[in-house]
Structures are given as structure tokens and as C-alpha cells.
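All chains are named by letter (A, B, ...) in the order of the sequence lines, taking the proteins before the strands, and each is independently numbered beginning at 1. The figures that follow rest on heavy atoms only: side chains count, while hydrogens, waters and symmetry mates do not.
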There are 2 protein chains.
Amino acid sequence: MSETGIELGAAELEILRALWDVGPATVRQVMNHLHERGRDLAYTTVQTMLTRLEQKGFAVSNKADLAYVYRARVSRERMSRSRLRVLAHQLYDGSAGPLVLQLVRSERLTPQELAELQTLIERLDGKDRNTGRQRR
Amino acid sequence: MSETGIELGAAELEILRALWDVGPATVRQVMNHLHERGRDLAYTTVQTMLTRLEQKGFAVSNKADLAYVYRARVSRERMSRSRLRVLAHQLYDGSAGPLVLQLVRSERLTPQELAELQTLIERLDGKDRNTGRQRR
DNA sequence: GGAATCCTACTACCACGGTAGGAGGCGTGT
DNA sequence: ACACGCCTCCTACCGTGGTAGTAGGATTCC
């Protein structure tokens, strides 16, 4: 019903994340990975989640001789963008500015990140000027 | 169970947002506001949501002669930070950098926002240097 | 004073997400 | 041949969130 397009619960996202972190993996591998991170889920729970992820189009599986191997079908970046966009709409009518400001202000970025951000901004700044968009 | 601390569904958030947008309001006022924005909810639905928001501590109400007036108890900024933090954890182990980069790269910021971001970064940069924390 | 209108309180219902158990198939070591 | 381990498939159960109806008190309007 909602326009979000992407509908994943927190636990499902956790599983998808495991796929991002370890790459293509079987149910057992995903489960083991989660156990290592202190997340204790039953084998079948992980299985259910992976199945649902596949049904929803966020993962694909193919049979490798012993068991099915699951692979993420959406990138972490894509998910990230999507979630951020939803958030921007939910809180600020779609504007991303406030979110960025919030993040930079309240979450400590590493010097590298700051530098990267810096150059990124300069590039955008330049483009805006060159493009002449809204030249008064 | 989860560590998020903040547990609000999309619809609940919508209602809370109405409180942010219009300020303290009665059930009916919130409903009207939503209707104007094209969101068609029954009176009692809005009422239920407001009640739940209050139960969860996100709003308070007090009786003004005719009806209860609800008021948000958490700010949009606080919610924003919270959601962003959750997202950072879900996707990047808590690091905010990638989110910021994503936002700046894929969501168009206004010149003002860019400028503000710029000065913000400079300020942080300066602080980092003064603090002497790993000067590149 | 009865009708219309507004409000609150309570109850309900369904979908979905989180979690998992059981049944049954297949390979492998003894 | 069988037990053990691993795999898949199906089913289930419960909590919560989204949405709303109904009952009944209060106010207002003729």
C-alpha cells in the first residue's frame, strides 16, 4: 500500500546484511555468521528469512551441489539510498538537507570521510555554478 | 527486544509528524491536516494513533475544554537522529560516513544547504586539527 | 426536550514480521 | 543396513501495527 517500494523488516534486513558481509552463502553459513556476531537464530528461522528475501526479490538462490546458495540482489548502497529517501520523506517532505546536516553535526566522521565530503561538495558547487542553473 | 529504543510504525510516525507540522492539536485537527495532505484516515484511527503515541511516550495530551489537545514530546530532530543512527547500525555497523556520502551524492541539496554543510565541515576540520587527532 | 454533533473509551480484525518446530529426503561412515 | 547429520518444505504461533466500528456521555441547536 505504501509508496516506499522497499518493505523489509529489521530481521530480514539483518539477514540481507549477512549476505552483503559474507557474500553468497548457504543458510548454514549465514547462520554461523550471525552466531559469531552474537545473534542467535535457529537454522529454520534463517531459512525462512532467506526464503522471504527471495520472494521479495532481494536475493536469489541457486542450488550448489549440497545446498542452496543465496546471493543478495540489491546492493547495500541501493538499500541505503532507498531507506534514506523514505526517511527524508517521512520527516522532511523529501528534503535530504536536514538529514545530512544532522549526520555531520551529531555523528563523528573520520578525517577521511570529512575530506571526501569536502571534495564532493566542491565538485557539486562547481557544477552548480557551471551549469548555470538558476543564474539569478 | 531490539536495541533501537524507538519503535514507531510508519503510520504512527505520520501522526507524530502532523503534530510537528501543526503544533499541539486535537484529534480532529490532526485528522483535518492529514486530509488536506491527501491522507484519508478515519477519526477513530487518528485517535488510536494518538493514544498509542502517548502510551509510547512520544506525545502528551491534556484536556482543553472541549477535547484533548495532543502535543509531541520528541522533536523532529531527535527522531531524525535516532532513525539515522539505527540505519547506520543496520547498514554500516554504526558508521555515519557512508550515509552522508550517499545523501550528498544522490540527493540534490540546495545551494544554501551546501554552503551550510561547507562551513560545518570547516569547523569540524579545524577542531580536528587543533585537537591534534591524527593530522593526516 | 429531542435531534444532531462532537468527544472519549473500548473492542476488533487482519496482515505481516519474527521465530521456530516437525516431517521427510539424501549422503556417508561404520 | 542403519544411524547421524544436513538439507528443504510446510505449517504454526504470537505480537504489533494499521485501520476502524460501536456505545455512550456531553454539548448545541432548534
Does C:dG17 have OP1 or OP2 under 4.0 Å away from a side-chain N or O of A:K56?
yes
Tell me every residue that passes salt bridge (charged side-chain N to carboxylate O under 4.0 Å, His left out) with B:R37, counting only those two or more places apart in sequence or in another chain.
A:D93
Grab the CE-C1' distance between B:M49 and D:dG21 for me, whole Å please.
15 Å
Nearest-nucleotide pick for B:E12, side chain only, options being C:dC7, C:dG18, D:dG18
D:dG18
Which of residues 27-34 of chain B have a heavy atom under 4.0 Å from DNA chain D?
none
From C:dG17, D:dG17, C:dC7, nucleotide with atom closest to B:A67 side chain
C:dC7
Which nucleotides of nucleotides 20-30 of chain C have their base under 4.0 Å from a protein heavy atom (B), which only their sugar-phosphate (S), and which neither (-), written as one string 5' to 3'?
BBB--------
What integer distance in Å separates B:D65:CG from D:dT27:C1'?
11 Å
Rounded to whole Å, please give me the gap between CG in A:L8 and C1' in C:dG18.
13 Å
Output yes when at least one side-chain N/O atom of B:R39 is less than 4.0 Å from OP1 or OP2 of D:dT19, else no.
yes
Any idea which heavy atoms bring A:M79 and B:L91 closest together, and the distance?
CG-CD2, 4.0 Å
Provide, to the nearest angstrom, the distance between the OH atom belonging to A:Y68 and the C1' atom belonging to D:dC6.
15 Å
For a quick test of reading the model, state the closest non-hydrogen atom pair linking B:L16 to B:F58 and the distance between them.
CD1-O, 3.7 Å
Under 4.0 angstrom, heavy atoms only, what part of the nucleic acid is A:Y43 near: base, sugar-phosphate, or nothing?
base
To the nearest angstrom, the CG-P distance between B:L50 and C:dC10 comes to 16 Å
Taken to the nearest whole Å, CG/B:L66 to C1'/D:dT28 is 10 Å
Measure CD1/B:I15 against C1'/D:dG17 and give the value in whole Å, please.
12 Å
Starting at atom CD of A:E7, determine the distance to atom P of D:dG18, rounded to an integer number of angstrom.
10 Å
If every non-hydrogen atom of A:A42 is compared with every non-hydrogen atom of A:M31, which pair is closest and at what distance?
C-SD, 4.2 Å
Side-chain donor-acceptor pairs under 3.5 Å in residues 59-71 of chain A, sequence neighbours left out?
from  : atom 1 : to    : atom 2 : distance (Å)
A:S61 : OG     : A:E54 : OE1    : 3.2
A:S61 : OG     : A:E54 : OE2    : 3.0

Using the test salt bridge (charged side-chain N to carboxylate O under 4.0 Å, His left out), find all partners of B:R52 that sit at least two apart in sequence or belong to another chain.
none
Pairs involving residues 42-51 of chain A, ordered by first then second residue, that meet side chain to side chain donor-acceptor pair (under 3.5 Å) (sequence neighbours left out)
none
Of all heavy-atom pairs between A:E113 and B:S95, which one has the smallest distance, and what is that distance?
OE2-OG, 3.5 Å
Under 3.5 Å, is there a donor-acceptor pair between the A:E116 and A:Q112 side chains?
no
